[in-house]
Amino acid sequence: MKTHTLLMPLDMHLHLRDGVMLEQVAPLSAYTFSGAIVMPNLVPPVSTVEDVKAYKQRIMAAVPNDYFEPYMTLFYKNYDKRFLESVKDHILAIKLYPAGITTNSEGGVSSFNIEEMRPTLEAMSELGIVLCVHGETDGFVMDREAEFMSIYEMLASNFPNLKIIMEHITTKAAVDMLERYPNLYATITVHHLLLTLDDVVGGMMMPHHFCKPIAKRPEDKEALLKVALDAHPKVMFGSDSAPHPISKKEACGCAAGVFTAPIALQLLCEIFDKYGKLENLQAFVSDNAQNIYGICPEFKEIVLEEREFEVPAIYGNVVPLYGGKKIKWAIQSVE
Ligand code: NCD
Ligand code: ZN
């Protein structure tokens, strides 16, 4: 039987939510991942030192038996330097959302006025705090990410010492940006390596394929696959696993978010194997992130095997990507 071993997998963009949902989903990530960058878009968002510490404790309490490092983030506001100094040892990154662009982002940035943002971004550069960005405008849905490229250019050129992560990229335009600015990096989800807009609305409308940014064209997916399969050193895996209860997904007014955490590594093995690139998966799911963020996760070894596995139709009240469908790889052991 074909097997593949991964060491210290990292999920560099994860939504763990809070309360009952946190208790339900956190153990699923903690089972196979060594750590994850935890998104701050709670209601209200994570924006004080106390919020960060308390949320981290709730996450740790939800995963008592597994080793799992939640790398914490703050919700971007124009914070001052003194505050950033006080919080820097508790976070790895600050997440910037344009206001209202996705789930729980209402308190985000409403105008990208570089001079208003300068003190915060300069302080972050000096303190070595990474800036993670949800890069979408409020334009036409298929163009939102491409339209955001000029904002990435403005940020990258004005703050050359700030590490900027283009989160969950979905377009060739974003892939091309990686070569243009040394301080721009990207995360890629597993669902954007699998889906195009056709899988969302091309046939019947598929709520469990609906997320922000929306899956794009085949040529965009090809561009993402190329850099992921090559484990381009500026690209990392970030699932953007975003659980919503079934009542919010199979509804009039479907919430955006695809839940992939429990099957992400299995699907990645299937994709990388299909293209004969399994040897690059380690860099994509861990080594690149360790280099980019300068982190050193505790040891964890996951052995996956090529074996048909039926994805559970539902985890608690959350339907995963490909729920009830068969995928080609499964977890063999975790140590
Ligand atoms: C995310 C969520 O549900 O929090 N939704 C999504 O579609 N990806 C927010 C986000 O990352 O955009
Ligand atoms: Zn997200």
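Numbering of ligands and ligand atoms starts at 1, following listing order.
Residue-to-ligand polar distances keep Y97 apart from ligand 1: every N/O pair is separated by 3.5 Å or more. Considering both main-chain and side-chain atoms, R17 comes within under 3.5 Å of ligand 1 through a nitrogen or oxygen pair.
The shortest contact between atom 7 (O) of ligand 1 and any protein heavy atom is with K212 N, 2.8 Å. Of the protein's non-hydrogen atoms, T102 OG1, 2.7 Å is the one closest to atom 12 (O) of ligand 1. With respect to atom 8 (N) of ligand 1, the closest heavy atom belonging to the protein is D240 OD2, 2.8 Å. Atom 1 (C) of ligand 1 has its closest protein heavy atom at H15 NE2, 3.6 Å. Shortest contact from atom 5 (N) of ligand 1 to any protein heavy atom: A256 O, 3.1 Å.
The proximity of H244 to ligand 1, defined as any non-hydrogen pair under 4.0 Å, is limited to the side chain.
Shown in contact with N41 at under 4.0 Å from a heavy atom are these atoms of ligand 1, numbered in order with element: 2 (C), 4 (O), 9 (C). Every atom of ligand 1 is numbered from 1 in the order shown, and the set under 4.0 Å from a heavy atom of G257 is 5 (N), 6 (C), 7 (O). Near C211, with a cut-off below 4.0 Å to any heavy atom, the atoms of ligand 1 are 7 (O). Heavy-atom proximity to H168, at under 4.0 Å, picks out these atoms of ligand 1: 11 (O).
A centroid separation of less than 6.0 Å is found between the aromatic rings of F75 and Y97. Separation of the F284 and F272 ring centroids falls under the 6.0 Å cut-off. Between H168 and H13, the ring centre distance stays below 6.0 Å. Centroid-to-centroid, the aromatic rings of F148 and F112 come within less than 6.0 Å.
Distances from the Zn ion (ligand 2) under 2.8 Å pick out these protein N/O/S atoms: H13 NE2, H15 NE2, D240 OD1.
Taking a 4.0 Å cut-off on heavy atoms, E167 fails to register as neighbouring ligand 1. Residue contact check for ligand 1: H13 places a non-hydrogen atom closer than 4.0 Å to it.
In this structure, D199 and M206 have side chains that are not in contact, with every pair of non-hydrogen atoms separated by 4.5 Å or more.
Side-chain contact of E69 with Y67: a donor-acceptor pair under 3.5 Å is present, judged by distance alone. A donor-acceptor contact under 3.5 angstrom links the side chains of N41 and H15, judged on distance only. Residues T73 and K95 bring no donor and acceptor atom of their side chains to less than 3.5 Å of each other.
The two atoms that bring R180 and D176 nearest to each other are CG-O, 3.5 Å, heavy atoms only. Closest heavy-atom contact between M72 and K56: CE-N, 3.7 Å.
In this pair, F259 and Y315 present their aromatic rings perpendicular. The plane angle is above 60°, beyond the 30 to 60° band.
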Intermediate values then yes/no, salt bridge (charged side-chain N to carboxylate O under 4.0 Å, His left out), E145 and K212: CA-CA 10 Å; E145 184 174 290; K212 303 285 178 70; over 6 Å; no

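Of the options E250, H244, H191, a side chain to side chain donor-acceptor pair (under 3.5 Å) to H208 is made by E250 and by none of the others.
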